[in-house]
Amino acid sequence: MKPKLEYLKKNFDEIAILGVITKITLGKFSELSIDDESVIQAFRRYKTDFSGASLEEMGEYFSKMDSESVSKAINNIQGILHEVEWVSIENSDGDSIMVALFPETNHEDYDILVVDTDTGEVWTEQLKATKDKSSVQNWIEEHPDGIIRLDKDMAEELDLPSTGLDREDLR
C-alpha cells in the first residue's frame with residue numbers, strides 16, 4: 001500500500017488537473033468545487049482562446065486531445081498553477097507587496113510584476129516549480145541580476161528564494 005500512497009502524493013497535482021479536465025469534458029460542472037477554481041484559472045492562462053471560453057468549450061477542446069497531448073498540457077498547466085497560487089497567496093498575506101501575472105503566459109523572461117505599495121518600488125520575478133535544476137541554473141546564468149523564486153523543495157536544494165509552495169502540494 002505504501003508505494004501507491006507515495007505515487008499518489010507525487011502525482012496529486014497531475015491527478016487534480018486531470019480530474020478537472022475530466023469533469024469539464026464529461027459536462028459534470030456541478031461537481032466542480034471552489035478548490036477547482038485555480039485549476040480553471042490556469043486553464044484560461046494555458047490557452048488564450050480559453051480567456052472567454054465556457055467550460056463546455058474547454059471540455060470540447062480537451063476531449064479532442066490524445067493522451068500524449070493531454071500529458072503535455074498537464075505539465076504546462078502545473079507551471080501556470082504555481083504562478084496562480086503564488087499570486088493568490090502573496091496578495092492575501094497582508095503585507096505591502098502586491099504581485100500580478102503578466103497578461104501573456106509566455107512573457108519574455110519573467111512571470112510576475114511586483115509592487116511594494118509602501119515604497120512604490122516595482123520589479124519583476126521569475127517563478128519555477130520544477131525538478132530540473134539545469135533549467136533553473138540556465139535561467140540564472142542568462143539573468144544574473146534577475147530574481148527567481150522556486151517551489152519549496154528546489155529552493156531549499158539550491159539555496160534560492162522560495163514561493164513557499166510545495167511542488168507536491170500543488171500536485
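Keep in mind the model is a prediction, meaning the values are calculated, not measured.
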Please say which of N138, D109, T124 ends up in a side-chain hydrogen bond (donor to acceptor under 3.5 Å, both in side chains) with H143.
-> D109
Heavy-atom check, side chain of Q78 versus side chain of L81, under 4.5 Å = no
For the pair N76 (side chain) and A73 (backbone), establish whether a donor and an acceptor sit closer than 3.5 Å, ignoring hydrogens and angles.
-> no
Any idea how F62 and Y46 line up, ring-wise: parallel (<30°), tilted (30 to 60°), or perpendicular (>60°)?
-> parallel
Going from CD on E156 to CG on L150, what distance comes out if it is rounded to the nearest 0.5 angstrom?
-> 11.0 Å
Measure across Y110 and Q126 and return the closest heavy-atom pair with its distance rounded to 0.1 Å.
-> CA-OE1, 3.4 Å
Decide if atom CD of E56 counts as having more than 12 heavy atoms of other residues, nucleotides or ligands within a radius under 6.0 Å.
-> yes
List the steps and the verdict of side chain to side chain contact (heavy atoms under 4.5 Å, CB included) for I89 and T163.
-> CA-CA 9 Å; I89 290 167; T163 59; over 6 Å; no
Where V84 and L101 come nearest, the two heavy atoms and their spacing = CG2-CD1, 4.1 Å
Give, for atom CE of M65 and atom NZ of K72, the distance between the pair rounded to the nearest 0.5 Å.
-> 9.5 Å
Any side-chain heavy atom of F102 within less than 4.5 Å of one from D111?
-> no
Flag the pair F43 / I17 as yes when at least one side-chain heavy-atom distance between them is below 4.5 Å, and no otherwise.
-> yes
Which pair of heavy atoms, one from A53 and one from D49, lies closest together, and at what distance?
-> CB-O, 3.6 Å
Rounded distance (nearest 0.5 Å) linking atom CE of M154 with atom NZ of K133 | 6.5 Å
Under 3.5 Å: donor-acceptor pair, side chain of R149, backbone of L127 = no
Has the side chain of T22 got a donor or acceptor atom that lies under 3.5 Å from a matching backbone atom of L18?
-> yes
Less than 4.5 Å apart, any side-chain heavy atom of I40 and any of L32?
-> yes
Which pair of non-hydrogen atoms, one from P161 and one from A155, has the smallest distance, and what is that distance?
-> O-CB, 3.7 Å
Say whether, by atom type as modelled, one donor and one acceptor occur between the side chain of T117 and the main chain of S96 under 3.5 angstrom.
-> yes
Could you tell me whether a side-chain N or O of D151 sits under 3.5 Å from a main-chain N or O of T130, the two making a donor and an acceptor?
-> yes
Mark yes or no for whether S88, through its side chain, and E85, through its backbone, hold a donor-acceptor pair below 3.5 Å.
-> no
About how many Å separate CD of E125 and CD1 of I147, when rounded to the nearest 0.5 Å?
-> 5.0 Å
For the atom pair NZ (K64) and OG1 (T25), what is the distance rounded to the nearest 0.5 Å?
-> 11.5 Å
Could you state the interatomic distance from CD1 (I80) to CZ (R44), rounded to the nearest 0.5 Å?
-> 13.0 Å
Going through the checks in order, is the side chain to side chain contact (heavy atoms under 4.5 Å, CB included) test met by L158 and Q137?
-> CA-CA 9 Å; L158 297 177; Q137 292 164 336; 4.3 Å; yes
Tell me whether I21 is reachable from F29 by hopping between hydrophobic residues (I, L, V, M, F, W, Y) whose side-chain heavy atoms are closer than 4.5 Å.
-> yes
Heavy-atom side-chain proximity of D116 to W123 below 4.5 angstrom | yes
Side-chain donor or acceptor of E37 paired with backbone N/O of I34 under 3.5 Å | no
Let me see the working for K128 and H82 under side chain to side chain contact (heavy atoms under 4.5 Å, CB included), right down to the final yes or no.
-> CA-CA 8 Å; K128 283 196 180 290; H82 180 239; 5.7 Å; no
Using a strict cut-off of less than 4.0 Å between a Lys/Arg side-chain nitrogen and an Asp/Glu carboxylate oxygen, indicate whether E31 and K23 qualify as a salt bridge.
-> no
Counting only heavy atoms not in E104, do more than 12 sit closer than 6.0 Å to its CD atom?
-> yes
